[in-house]
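In listed order, ligands and their atoms are each counted from 1.
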Amino acid sequence: MPEQSRIQLQLRTLRDTINQHNHRYYALDDPDIPDAAYDRLMRELQDLEQQYPQWISADSPTQRVGSAPLDGFSQVTHEVPMLSLDNAFSGQEMDDFDRRLRGRLDRDQPLHYACEPKLDGIAVSLLYRDGVLERGATRGDGAVGEDITSNVRTIPSIPLRLLGDGWPRVLEVRGEIYMPRAGFDAFNEKARQQSEKLFVNPRNAAAGSLRQLDSRVTAQRPLEMCCYGVGLVEAYALPGKHTEILTLLQGWGFRINSEMRVANGMKDCLAYYDYLLAKRASLAYDIDGIVFKVDDIALQQRLGFVSRAPRWAIAHKFPAEEEMTTLLGVDFQVGRTGAITPVARLEPVFVGGVTVSNATLHNSDEILRLGVKINDTVVVRRAGDVIPKVVRVVLDKRPANASKIVFPARCPICESVIERLEGEAVSRCTGGLLCAAQLKEGIKHFASRKAMDIDGLGDKLVEQLVDEGLITSVVDLFSLQVTALVGLERMAEKSAAKLIAALQASKATTLPKFIFALGIREVGEATAVSLAKHFTSLEKIQQASIETLLEVPDVGPIVAQHLHDFFAASHSQQLLAGLLSAGFYWPAIEASKVQPLMGKIYVVSGSLESMGRIEAKERLQQLGAKVAGSVSAKTFCLVAGPGAGSKLTKAQQLGVDVIDETQFLALLKQYE
Ligand code: D41
């Protein structure tokens with residue numbers, strides 16, 4: 001094929017593909033590929049068109065951002081076009097942007113930039129005449145949008161009448177309508193209970209809600225609006241800075257983003273980017289980057305715009321939280337309690353800032369819900385530090401060789417039968433401690449920091465010890481000899497002797513840690529502490545009936561049953577006898593000891609100078625407090641060191657008491 005027609009074909013194919021995605025995204029609120037993949041297609045088309053400007057067609061998707069308005073809403077022509085934003089995907093591209101602007105302005109000094117989180121919502125225009133909301137419209141393609149007045153009127157953060165006075169006769173405010181995450185989760189949860197269709201993400205939920213022809217439906221949706229600029233303004237001298245204009249709008253009753261800052265120069269901008277990227281997961285709403293705008297309006301005017309985007313603004317995109325990749329296969333992992341977790345093996349993909357090659361598929365119901373097959377193209381999501389998961393299948397890309405995922409009937413490790421109890425989502429291997437996988441996980445748990453804290457007994461070593469047949473239970477750990485250990489990978493005489501000393505040292509423990517280390521189902525650290533306090537001795541816990549177990553605070557019927565089953569099983573009795581004869585001991589617990597913080601829930605967050613978080617937690621527990629992992633309305637007090645982050649924000653939002661390290665130490669001292 002001649003070069004010329006090859007390129008034209010490539011252009012046409014790209015445009016067709018993008019148009020199809022546009023239709024699904026804007027019109028159907030049902031995107032089939034992640035935003036990042038879409039952005040890449042657009043970039044590819046833009047690059048190609050830049051090389052061959054003679055073949056740019058008027059109907060190319062690069063020539064309008066957005067899609068045509070739907071039937072049912074009347075059209076609105078924006079008197080001042082709503083521009084689009086250029087993107088930058090790296091610090092390098094940001095530096096290039098800044099250099100370009102300063103070059104154009106012939107300026108050496110740093111520029112002041114307004115920094116705003118880029119909300120992932122729907123851009124809208126609100127028109128006020130004599131202070132009264134007259135019309136709300138979507139951005140549409142920037143030139144023509146849809147009249148959604150009756151829908152925007154239902155949104156509480158949009159003033160129907162401006163506050164104060166002295167506003168321009170005609171004022172067009174522009175901003176983003178979005179659905180905060182909490183509202184989205186609640187909405188989807190309700191839809192799920194009523195077996196209705198779920199929204200893929202908050203952005204599509206916001207778009208779908210705004211596109212309702214019946215505004216009573218829109219009124220039920222938790223939408224918010226945050227403004228980022230003005231359009232048409234008649235007979236009014238606006239302030240000379242973008243940030244001052246937004247502050248003025250705030251005074252008239254609009255919401256502006258509380259994270260907005262002014263940065264002096266590109267270095268500041270990049271620091272702000274890092275700051276907000278770290279905060280991203282704890283924000284109440286989704287953002288997909290930062291918008292940087294030259295703050296000085298006179299400079300904005302000098303810079304002007306190219307095609308449909310201002311030269312003076314740019315969106316620095318965050319790493320995408322969703323990406324597409326191929327499902328290569330599924331492994332079935334066996335956990336400590338025998339729970340079988342299907343894990344997707346993926347073609348490695350960069351998502352949420354790291355390369356991901358495994359993602360959880362949770363359980364067999366989830367595989368059914370997703371309708372996923374091996375060799376499918378799937379969307380993987382990794383947000384914050386949350387473990388990556390497969391969120392949906394791209395059915396359009398299903399290959400001919402897609403094959404069904406078969407959930408095994410027998411344990412892949414020990415071949416015991418896998419069972420799934422009625423009413424439970426989890427399938428379990430019935431092999432118990434005869435299953436090498438459960439044994440390994442149980443030993444890892446026993447040795448872990450919050451349990452027996454055995455230095456030098458890491459996961460890899462536990463696996464070797466079991467695989468080599470050196471141990472068949474935790475009790476065997478305590479009769480290991482240096483001679484048996486030497487010869488294992490990375491195990492010289494010195495480290496073997498150290499490990500044996502650490503095993504020896506671990507025998508001096510506390511009753512709660514000992515109970516926790518046993519790995520009884522549903523018995524976490526907090527429950528172990530409650531049990532120890534209530535019964536004060538191991539014998540009494542072992543002998544307790546279900547009724548007496550239920551008297552313990554935090555112990556419900558399920559936990560009581562698990563405890564009872566555990567202590568009734570002969571292998572548990574052997575385990576306990578073995579550990580006690582190996583020499584485990586703990587200080588007696590005085591039943592009558594006063595517990596001044598009894599019933600109070602504390603949370604410890606951030607770093608403390610005088611002790612680690614684990615010690616801080618233990619000191620609080622000794623005083624009777626319960627220590628939780630996250631802040632909720634039930635939290636009595638948050639002990640916050642530097643870096644307390646989202647827990648601190650949450651505590652402040654909920655009005656929970658917060659104390660710093662000095663106050664914390666004073667509290668401990670008071671009860672010494
Ligand atoms: O938060 C946003 N999504 C946002 C979007 C923002 N904070 N600022 C924006 N500024 C502009 C310009 C500079 C063109 C006035 C925008 C958008 N535009 C925008 N939203 C959708 C298309 C363009």
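Ligand 1 places these atoms under 4.0 Å from at least one heavy atom of Pro117: 1 (O), 7 (N). Residue Ala313 has at least one heavy-atom neighbour below 4.0 Å for each of these atoms of ligand 1: 13 (C).
Side-chain contact annotation: Tyr228 with Asn257, donor-acceptor N/O pair under 3.5 Å absent. Residues His21 and Asp32 bring a donor and an acceptor atom of their side chains to less than 3.5 Å of each other. Between the side chains of Gln193 and Glu189, a donor-acceptor pair is found at a separation under 3.5 Å. Side chains of Glu172 and Ser125: a donor on one and an acceptor on the other come within 3.5 Å.
When heavy-atom distances to ligand 1 are checked against a 4.0 Å cut-off, Ala315 has no atom that comes that close, whether in backbone or side chain. Residue contacts with ligand 1, taken as heavy atom pairs separated by less than 4.0 Å, involve Arg139 solely via side-chain atoms from C-beta onward. At a heavy-atom distance under 4.0 Å, only side-chain atoms of Val291, from C-beta outward, approach ligand 1. By the criterion of a heavy-atom distance under 4.0 Å, the side chain of Lys293, and not its backbone, is placed next to ligand 1.
The aromatic rings of His316 and Tyr273 lie parallel to each other, their planes meeting at an angle below 30°, with 60° marking the opposite boundary. Note on ring orientation: taking the six-membered ring where Trp is involved, the planes of Tyr272 and Tyr275 are tilted (angle from 30° to 60°).
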Let me see the working for Asp35 and Arg203 under salt bridge (charged side-chain N to carboxylate O under 4.0 Å, His left out), right down to the final yes or no.
CA-CA 11 Å; Asp35 293 356; Arg203 190 202 173 279; 5.8 Å; no
Go through Lys241 and Asp295 one step at a time and tell me if the salt bridge (charged side-chain N to carboxylate O under 4.0 Å, His left out) criterion holds.
CA-CA 5 Å; Lys241 299 267 166 32; Asp295 198 26; 5.7 Å; no
Apply salt bridge (charged side-chain N to carboxylate O under 4.0 Å, His left out) to the pair Arg382 and Glu323, showing each step before the final yes or no.
CA-CA 9 Å; Arg382 179 185 182 272; Glu323 271 295 359; over 6 Å; no
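Between the choices Trp312, Tyr285, Phe305, Tyr228, the shortest heavy-atom distance to atom 11 (C) of ligand 1 belongs to Tyr228. When Asp120, Leu119, Asp86 are ranked by how near their heavy atoms come to atom 2 (C) of ligand 1, first place goes to Leu119.
Checked by distance only, ligand 1 and Leu85 stay at 3.5 Å or farther apart across all their nitrogen or oxygen atoms. Between Glu116 and ligand 1, an N or O atom pair is found at a separation short of 3.5 Å.
Not a single heavy atom of Gly142 sits closer than 4.0 Å to an atom of ligand 1.
For atom 21 (C) of ligand 1, the closest non-hydrogen atom of the protein is Ala123 CB, 3.7 Å. Looking only at protein heavy atoms, the nearest one to atom 23 (C) of ligand 1 is Leu83 O, 3.4 Å.
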